[in-house]
There are 2 protein chains.
Amino acid sequence: MDADRIPPHPDVRTITLQQVLDALVDPVRRSIVTQLRDAPADLRCGGFDLPVSTSTATHHFRVLREAGLIRQYYVGASRMNTLRSDEVDEVFPGLLDAVVAADRASSRGGAPV
Amino acid sequence: MDADRIPPHPDVRTITLQQVLDALVDPVRRSIVTQLRDAPADLRCGGFDLPVSTSTATHHFRVLREAGLIRQYYVGASRMNTLRSDEVDEVFPGLLDAVVAADRASSRGGAPV
DNA sequence: CCAGAACTACGATGGCTGTCAAACTTTGAT
DNA sequence: ATCAAAGTTTGACAGCCATCGTAGTTCTGG
């Protein structure tokens with residue numbers, strides 16, 4: 001079954017701030033989160049625009065999953081990704097929103113000379 | 001003069017999200033921020049309860065200052081610290097609040113079994 | 001003027017982690 | 001059956017950073 005290939009996801013109650021921040025401090029992972037937030041639907045791993053090799057990308061997806069920020073599931077040979085926005089927001093209200101908004105602010109005109 | 005001993009502070013416009021997150025990802029530095037938030041007045045460096053040596057603490061204060069999160073000034077031989085909450089909130093609205101609140105939630109009962 | 005307090009500056013070190021290439025597994029299409 | 005596509009896993013490596021001890025600087029109090 002596909003389920004056997006699905007890696008374990010932490011329960012929302014076991015998510016720690018340290019893990020979440022460790023996950024969000026990396027710009028590549030933050031880019032994954034914002035792309036996921038902007039996307040109209042779930043994205044497969046290969047559907048992201050990332051400046052690293054696929055093996056490195058796999059590593060980043062794992063960190064995000066183990067931090068409880070994304071949920072992954074298989075569709076055929078593709079691994080799909082969803083943001084666990086609501087669950088994260090239950091535990092750390094406003095955190096994800098603030099970081100994503102800040103990331104957009106930094107990406108857009110905000111960046112200094 | 002005292003002013004000569006005051007290290008440089010970044011303008012609020014040059015603060016980057018990467019620096020802020022790099023600063024907040026360390027638990028010691030996050031503890032400094034929350035202690036500062038809870039304190040009724042500015043605190044001198046030695047007034048914090050930190051699990052590291054003074055030289056390491058100095059390092060953490062410098063990271064926080066260079067990230068634009070705190071402002072430092074001398075009073076006699078003591079270096080005082082203030083949170084630049086309002087300024088940071090202008091650039092990254094809600095971010096500092098969310099992190100501090102999340103930190104408190106993690107510190108209190110939030111910790112899993 | 002001197003001793004102590006309060007920090008800072010400077011190496012040095014150890015561990016963590018982001019990165020990649022290569023090999024492997026599973027799925028889907030021909 | 002075969003082959004390509006999609007990701008993972010493993011192992012190796014380089015760079016960063018939190019930490020400390022020691023030495024140095026500036027202020028305060030006798």
Side-chain angles (χ1 to χ4, degrees), chain A residues 1-9 16 18-33 35-36 39 41-67 69-82, chain B residues 1-9 16 18-33 35-36 39 41-67 69-82:
Chain A
M1 263 193 75
D2 267 358
D4 293 349
R5 297 179 67 200
I6 299 180
H9 292 78
T16 70
Q18 191 59 54
Q19 270 183 301
V20 169
L21 290 181
D22 279 335
L24 292 177
V25 77
D26 185 279
V28 174
R29 288 194 287 264
R30 221 158 50 235
S31 173
I32 291 175
V33 169
Q35 287 184 50
L36 216 40
D42 297 353
L43 289 176
R44 62 186 186 83
C45 293
F48 292 82
D49 182 24
L50 299 176
V52 294
S53 68
T54 66
S55 58
T56 300
T58 294
H59 163 66
H60 287 309
F61 283 113
R62 181 160 60 99
V63 173
L64 286 170
R65 167 169 41 82
E66 291 177 349
L69 291 175
I70 64 173
R71 189 173 295 276
Q72 298 189 299
Y73 59 97
Y74 271 100
V75 171
S78 293
R79 189 177 269 192
M80 305 297 296
N81 302 273
T82 319
Chain B
M1 266 193 71
D2 267 359
D4 294 349
R5 295 180 66 200
I6 300 179
H9 292 78
T16 70
Q18 191 58 56
Q19 270 183 302
V20 170
L21 290 181
D22 280 335
L24 293 177
V25 78
D26 185 278
V28 175
R29 289 194 287 265
R30 222 158 49 234
S31 172
I32 292 176
V33 169
Q35 286 183 52
L36 215 41
D42 296 354
L43 290 175
R44 62 186 186 84
C45 291
F48 292 82
D49 181 25
L50 299 176
V52 294
S53 68
T54 66
S55 59
T56 300
T58 295
H59 162 66
H60 287 308
F61 283 113
R62 183 160 59 98
V63 172
L64 286 169
R65 168 169 40 82
E66 291 178 348
L69 291 175
I70 64 173
R71 189 172 297 276
Q72 298 189 300
Y73 59 98
Y74 270 100
V75 172
S78 293
R79 188 177 270 193
M80 306 297 296
N81 303 273
T82 319

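We name chains A, B, ... by the order of the sequence lines, and we start the count at 1 in each one.
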**Student:** Check side-chain hydrogen bond (donor to acceptor under 3.5 Å, both in side chains) between B/Arg71 and all other residues, then give those that pass, not counting sequence neighbours.
**Tutor:** B/Glu87
**Student:** Could you list the residues that satisfy side-chain contact (heavy atoms from CB on, under 4.5 Å) with A/Arg44, not counting sequence neighbours?
**Tutor:** A/Ser78, A/Met80
**Student:** Rounding to a whole Å, what distance do you find between B/Leu64:CG and D/dC17:C1'?
**Tutor:** 15 Å
**Student:** State which residues pass side-chain contact (heavy atoms from CB on, under 4.5 Å) with B/Ser55; sequence neighbours excluded, sorted by chain then number.
**Tutor:**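 B/Ser55: side-chain contact (heavy atoms from CB on, under 4.5 Å) contacts with B/Ser53.
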**Student:** To the nearest 0.5 Å, what is the distance between CG (A/Asp42) and CG (A/Asn81)?
**Tutor:** 8.0 Å
**Student:** Using a 4.0 Å cut-off on heavy atoms, which residues in residues 49-61 of chain B reach DNA chain C? List them by number, or say none.
**Tutor:**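 Nucleic-acid contacts, sorted: B/Thr54, B/Ser55, B/Thr58.
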**Student:** Atom CE of A/Met80 to atom P of D/dA6: distance rounded to whole Å?
**Tutor:**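 So the CE-P distance, A/Met80 to D/dA6, works out to 13 Å.
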**Student:** Could you tell me the separation between the CZ atom of A/Arg5 and the C1' atom of D/dA5, rounded to a whole number of Å?
**Tutor:** 12 Å
**Student:** Between B/Thr58 and B/Cys45, is there a side-chain heavy-atom distance shorter than 4.5 Å?
**Tutor:**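 They are not in contact (no side-chain heavy atoms under 4.5 Å apart), so the answer is no.
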**Student:** Which residues, if any, of residues 19-31 of chain A bring a heavy atom under 4.0 Å of DNA chain C?
**Tutor:**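 DNA chain C contact set from residues 19-31 of chain A: A/Asp26, A/Arg29.
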**Student:** Take atom CZ of B/Arg62 and atom P of D/dT19, then tell me their distance rounded to the nearest Å.
**Tutor:** 14 Å
**Student:** Quick check for you: to the nearest 0.5 Å, what is the distance between B/Leu64 atom CG and B/Leu69 atom CG?
**Tutor:**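 The CG atom of B/Leu64 sits 6.0 Å away from the CG atom of B/Leu69.
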**Student:** Find the distance between OH (B/Tyr74) and CZ (B/Arg5) and round it off to the nearest 0.5 Å.
**Tutor:**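 The OH atom of B/Tyr74 sits 4.0 Å away from the CZ atom of B/Arg5.
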**Student:** My understanding is that only residues two or more places apart in sequence, or in another chain, count here; which of them pass side-chain hydrogen bond (donor to acceptor under 3.5 Å, both in side chains) with A/Gln18?
**Tutor:** A/Asp22, B/Arg30
**Student:** Just N and O in the side chain of B/Arg44: are any of them under 4.0 Å from OP1 or OP2 of C/dC7?
**Tutor:**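 Indeed, a polar side-chain atom of B/Arg44 lies that close.
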**Student:** Taking atom P of D/dG7 as reference, at what distance in whole Å does atom CZ of A/Arg79 sit?
**Tutor:** 9 Å
**Student:** If I take atom CD in residue B/Glu66 and atom P in nucleotide D/dA18, what distance separates them, rounded to the nearest angstrom?
**Tutor:**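 It works out to 12 Å between those atoms.
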